[in-house]
Amino acid sequence: MCDRAADLLLDWYDRHARDLPWRARPGAPLPDPYHVWLSEVMLQQTTVAAVIPYFEKFTTRWPDVAALAAAPEDEVMAAWAGLGYYSRARNLVKAAREVSRAGGFPTTEAELLKLPGLGDYTAAAVAAIAFERRALVVDANVERVIARLFAIEEPLPGGKKAIRAALDTITPERRAGDFAQAMMDLGSSLCRAREAQCLLCPWQAICAGREAGDPTRLPVKAPKKAKPTRTGTAFWVERDEAVWLVKRPGKGMLGGMRALPDDGWSARGDGSGVAPVAGAWRAGGMVRHSFTHFHLELGLAVHADTDPAPDGEGEWWPLDRLDDAGLPTLFAKAAALALAER
DNA sequence: CAACCGTGGTA
DNA sequence: TTACCAAGGTT
């Protein structure tokens with residue numbers, strides 16, 4: 001099927017490509033590698049709709065990789081707050097500094113793969129989209145589209161090897177970036193997880209999954225484990241129109257992010273309930289929040305007028321600037337609850 | 001290699 | 001309401 005499949009897809013892409021902020025305009029030269037890299041990292045396990053405002057914020061504030069390399073890590077972390085998977089933000093700064101020091105982005109997949117935060121997918125995507133290198137760009141969209149096009153029955157993640165091999169047979173030498181993005185556009189617009197609009201698909205005549213009937217059955221996936229529910233407590237410690245915020249350890253859950261003090265809850269176990277400072281605490285309600293691998297019921301304990309500051313590192317953060325603290329969503333929810341009941 | 005790591009939209 | 005899902009990477 002070689003070139004036939006690529007031709008059909010690229011013709012479709014010429015008519016239906018999405019207009020996204022990090023894409024070059026049609027007919028324009030290649031997109032800015034900085035924009036391609038930044039968008040691809042933001043898009044890891046994250047929807048286009050969620051990424052767009054962050055991409056605009058980042059490129060306005062840090063217009064090129066040198067500007068991002070010069071930014072304090074704390075400011076980048078705070079700007080990333082709400083987008084999730086915070087190790088991406090830490091690696092983003094590291095990679096920006098390496099690239100800036102080297103005088104620009106590497107242009108091959110193998111060199112890109114050495115940068116922190118770039119795995120198989122992202123290195124291939126940047127090589128293809130920013131530098132027109134032929135690469136096997138395999139994300140969840142591509143896995144789904146290829147599993148259906150070739151009717152690959154082997155369940156994921158075991159079937160990844162077969163998917164790469166099948167993709168290799170239809171990946172052209174030309175238009176590497178367009179081909180990669182066309183695959184992802186097809187997956188996100190027509191060949192979707194729960195629904196496939198086969199009548200609009202450029203591959204309707206050559207798709208083995210459609211031929212076999214019920215293409216949405218593919219790809220087959222291994223069953224997922226149940227999520228445990230954990231409980232914990234966060235502490236709202238307030239004094240003089242300011243709240244006590246801590247910085248979480250660099251690794252682990254919400255690593256490196258500003259946060260309310262808590263009682264040590266984690267994916268592994270419940271919190272101790274022990275407050276960071278003695279005094280008269282009152283219950284301030286509860287926040288339910290789901291992470292990738294567990295649910296959390298986070299009780300909020302409120303201390304309205306603390307005299308000594310709690311033990312350990314932290315800072316009094318003015319309530320009127322709380323939006324700038326860069327709190328992850330869990331703690332932003334807890335803070336909103338505390339402020340609403342004040 | 002399987003566990004770990006966020007969040008918001010959707011059915 | 002719950003579970004699944006999304007342009008995955010690191011350990």
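Every chain is numbered from 1, with letters handed out A, B, ... down the list of sequences. Scope of the values below: all heavy atoms of this structure, side chains included, with no hydrogens, waters or symmetry mates.
The residue A:Pro328 sits close only to the backbone: its heavy atoms come under 4.0 Å of sugar-phosphate atoms, none of a base. At the heavy-atom level, A:Leu83 lies under 4.0 Å from base atoms of the strands shown.
On a pure distance criterion of 3.5 Å, a polar donor-acceptor pair joins the side chain of A:Arg194 and the base of C:dC4.
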Return a table of donor-acceptor pairs under 3.5 angstrom between the side chains of residues 107-115 of chain A and protein atoms on other chains or two or more places apart.
from, atom 1, to, atom 2, distance (Å)
A:Thr107, OG1, A:Arg133, NH2, 2.9
A:Thr108, OG1, A:Glu111, N, 3.3
A:Glu111, OE2, A:Lys114, NZ, 3.1

Distance-only donor-acceptor hits, side chain of residues 158-165 of chain A, under 3.5 Å, sequence neighbours excluded:
from, atom 1, to, atom 2, distance (Å)
A:Lys160, NZ, A:Glu143, OE2, 2.5

Which pairs would a plain distance check flag for residues 82-89 of chain A, meaning a side-chain donor or acceptor within less than 3.5 Å of a matching protein atom at least two apart in sequence or in another chain?
from, atom 1, to, atom 2, distance (Å)
A:Tyr85, OH, A:Thr292, OG1, 3.2
A:Tyr86, OH, A:Gly82, N, 3.0
A:Arg88, NE, A:Tyr85, O, 3.3
A:Arg88, NH1, A:Val41, O, 3.0
A:Arg88, NH1, A:Met42, O, 2.9
A:Arg88, NH1, A:Gln44, O, 2.9
A:Arg88, NH1, A:Thr46, OG1, 3.1
A:Arg88, NH2, A:Thr46, OG1, 3.4
A:Arg88, NH2, A:Leu83, O, 3.2
A:Arg88, NH2, A:Gly84, O, 3.0

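Taking atom NZ of residue A:Lys227 and atom P of nucleotide B:dC5, one finds them 13 Å apart after rounding to whole Å. In this structure, the NZ atom of A:Lys224 is 12 Å from the P atom of C:dA3, given to the nearest Å. Rounded to whole Å, atom C1' of C:dC4 lies 9 Å from atom NZ of A:Lys221. Atom CG of A:Leu254 is separated from atom P of B:dC4 by 15 Å (rounded to the nearest Å). Atom NZ in A:Lys225 sits roughly 20 Å away from atom C1' in C:dT2 (whole-Å rounding). Taking atom CZ of A:Phe331 as the reference point, atom P of B:dG6 lies 11 Å away to the nearest angstrom. The separation between A:Leu186 atom CG and C:dA6 atom P is 14 Å, rounded to whole Å. One can place CZ of A:Arg288 at 18 Å from C1' of B:dG8, the figure rounded to the nearest angstrom.
The cationic group of A:Arg97 does not satisfy the cation-pi geometry with A:Trp62, failing either the under 6.0 Å distance to the six-membered ring centre or the 45° limit from the ring axis.
Candidate nucleotides C:dA3, B:dG6, C:dC5 were compared by shortest atom distance to the side chain of A:His295, and C:dA3 ranks first.
Remark: A:His293 is in phosphate contact with B:dC5, judged by side-chain N or O atoms under 4.0 Å from OP1 or OP2. One finds no side-chain N or O of A:His289 lying less than 4.0 angstrom from the OP1 or OP2 phosphate oxygen of B:dG6.
Listed by residue number, A:Ala267, A:Arg268 are the residues of residues 261-271 of chain A with a heavy-atom contact under 4.0 Å to DNA chain B.
Both A:Lys333 and A:Pro157 lie close to DNA chain B; mapped to their nearest nucleotides by heavy-atom distance, the more 5′-ward contact belongs to A:Pro157.
Using atom P as the reference point in both B:dG6 and C:dT1, the two lie 24 Å apart (nearest Å). For the P atoms, the distance from B:dC5 to C:dT2 is 22 Å, rounded to whole Å. Only the C1' atoms considered, B:dA2 is 23 Å distant from C:dA7, to the nearest whole Å.
The closest side-chain heavy-atom distance from A:Ile152 to A:Ile146 is below 4.5 Å.
With sequence neighbours left out, A:Phe131 forms a ring-ring contact (aromatic ring centres under 6.0 Å, His included) with no residue at all. For A:Arg144, the side chain to side chain donor-acceptor pair (under 3.5 Å) partners are A:Asn141, not counting sequence neighbours. Listed by chain and number, the residues in a side chain to side chain donor-acceptor pair (under 3.5 Å) with A:Arg175 are A:Asp14, A:Asp178 (sequence neighbours excluded).
Residues A:Phe235 and A:Trp281 bring their aromatic ring centres within 6.0 Å.
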When you compare the protein's N or O atoms with those of nucleotides 7-11 of chain C, which come within less than 3.5 Å of each other, and at what distance?
from, atom 1, to, atom 2, distance (Å)
C:dA7, OP1, A:Asn141, OD1, 3.2
C:dA7, OP1, A:Asn141, ND2, 2.6
C:dA7, OP2, A:Asn141, OD1, 2.5
C:dA7, OP2, A:Asn141, ND2, 3.0
C:dA7, O5', A:Asp139, OD2, 3.4
C:dA7, O5', A:Asn141, ND2, 2.6
C:dA7, O4', A:Asp139, OD2, 2.7
C:dA7, N7, A:Glu40, OE2, 3.3
C:dA7, N6, A:Trp22, NE1, 3.1
C:dA7, N1, A:Arg18, NH2, 2.8
C:dG8, OP1, A:Ala140, N, 3.2
C:dG8, OP2, A:Gln45, N, 2.9
C:dG8, OP2, A:Gln45, NE2, 3.3
C:dG8, O5', A:Gln45, N, 3.3
C:dG9, OP1, A:Gly119, N, 2.8
C:dG9, OP1, A:Thr122, N, 3.0
C:dG9, OP1, A:Thr122, OG1, 2.6
C:dG9, OP2, A:Tyr121, N, 3.3
C:dT10, OP1, A:Gly117, N, 2.7

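Other members of the hydrophobic cluster containing A:Leu218, listed by chain and number, are A:Val220; membership follows side-chain contacts under 4.5 Å among ILVMFWY residues, whether direct or relayed.
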